[in-house]
Each structure stands twice: as C-alpha cells, then as structure tokens.
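These notes are about the structure you will find just below.
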Amino acid sequence: YLGALSLTYGEFTLNGEYTKLNREKQMAGSFKMKNTMIQSSVKWTHGDHSVALTWANRKNEEAAKATGTAANNGKYNQIAAGYMYNLNKYVQLRGVYAHYTTKTESTTTTTTDGLPFKNTADIFSVGTLVTF
C-alpha cells in the first residue's frame with residue numbers, strides 16, 4: 001500500500017505519506033517481513049524565506065527464518081526542522097536540525113542488561129543548494 005496527500009493553503013503546505021509493505025519468501029531460508037512507514041511535513045513560505053518541519057517513522061517486523069536465525073524488529077524515528085533562504089532562482093541557503101532515534105530488538109542480540117539496542121543522534125547542517 002502507498003498513500004500520499006499534499007494540501008496547500010496560502011503560504012502553508014502540508015504533506016503526508018503512508019506505506020505498508022509485506023514480503024514473504026517461500027523457500028529455504030524463508031522469511032516474512034512487514035514494513036510500515038509514515039512521513040509528514042508542514043512548510044511555510046513567505047517571499048524568499050521558508051521554514052519546514054518534518055516527522056518520519058518506520059517500523060520493521062521480521063519473523064524468525066526457517067534456518068533458525070532470530071527475528072529482528074526495528075523502529076526508526078526522525079524529527080527535523082529547517083530554514084531555507086532563496087538568494088536568487090539558482091542559489092538557496094539551508095540550515096537543518098534533525099533528531100534520529102533507532103531502536104532494534106532481536107531474539108538473540110540484546111544489550112548486556114537484556115534490553116533492546118537504542119541509539120539517538122542529533123545533527124545540524126548548514127549548506128547551499130545550487131540548481132541549473
């Protein structure tokens with residue numbers, strides 16, 4: 001499944017997407033996997049200035065393989081905010097802050113305290129986009 005929606009009202013744009021994927025392999029080393037992804041964003045544009053906020057979430061569920069390999073489940077989140085300024089029609093300045101969280105569970109691999117792996121990261125970037 002894949003569904004997307006984009007709405008614009010005045011200076012605001014709202015986007016959203018939902019994806020659901022089921023995969024199954026029917027042979028030696030077979031597996032079943034489900035992936036669910038949700039993404040959304042809101043953007044405000046006024047003249048040469050734009051501000052955007054985004055949120056994305058992905059969830060993976062993998063059933064244990066026939067070979068005895070463990071099940072593996074992962075959850076991924078991203079929240080980001082950005083500012084864009086158009087110098088002219090070819091050059092845009094950008095600044096973005098993003099926060100990522102990854103959580104992975106496995107029936108055989110855990111941390112020393114028996115809990116799932118969880119990693120977070122904060123990223124700030126500044127750059128220029130040049131188009132032709």
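All values below come from the heavy atoms of this structure, side chains included, with hydrogens, waters and symmetry mates left out.
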Please round to the nearest 0.5 Å and tell me the distance separating atom OH of Y76 and atom NZ of K103.
12.5 Å
Taking all heavy atoms of N57 and all of W55, pick out the closest pair and write down the distance.
CB-CZ2, 3.5 Å
With sequence neighbours excluded, tell me which residues meet ring pair (Phe, Tyr, Trp, His ring centres under 6.0 Å) with Y18.
none
Going through the checks in order, is the side chain to side chain contact (heavy atoms under 4.5 Å, CB included) test met by H99 and T120?
CA-CA 7 Å; H99 176 77; T120 60; 4.1 Å; yes
With the 4.5 Å side-chain cut-off for hydrophobic clustering, are Y83 and F12 part of the same group?
yes
Is the closest side-chain heavy-atom distance between Y9 and L14 below 4.5 Å?
no
Closest approach of N86 to Q92 (non-hydrogen atoms, all atoms of both residues):
OD1-NE2, 2.9 Å
Test side chain to side chain contact (heavy atoms under 4.5 Å, CB included) applied to T128 and V91, step by step
CA-CA 7 Å; T128 304; V91 180; 3.6 Å; yes
In the structure I gave you, are the side-chain heavy atoms of I123 and Y100 within less than 4.5 Å of one another anywhere?
yes
Which ILVMFWY residues are connected to L5, directly or by a chain of links, through side-chain heavy atoms under 4.5 Å apart?
L7
Got a second to check how far T8's OG1 is from K43's NZ, nearest 0.5 Å?
9.5 Å
Any heavy-atom pair between the side chains of E17 and L2 that's under 4.5 Å?
yes
Pair N15-S6, side chain to side chain donor-acceptor pair (under 3.5 Å): steps then yes or no
CA-CA 4 Å; N15 295 302; S6 181; 2.6 Å; yes
Do the non-hydrogen side-chain atoms of D122 and Y97 ever get within less than 4.5 Å of each other?
yes
Applying the 4.5 Å side-chain criterion to the ILVMFWY set and letting contacts propagate, would L129 and Y85 be lumped into a single cluster?
no
Within one Ile-Leu-Val-Met-Phe-Trp-Tyr cluster: I79 and M37, side-chain cutoff 4.5 Å:
no
Same cluster or not: Y90 versus L87, using hydrophobic residues (I, L, V, M, F, W, Y) connected whenever any side-chain heavy atoms lie under 4.5 Å apart?
yes
Salt bridge (charged side-chain N to carboxylate O under 4.0 Å, His left out) partners of K20, counting only residues at least two apart:
none
Beyond-backbone contact of T101 with N119, side-chain heavy atoms, under 4.5 angstrom:
no
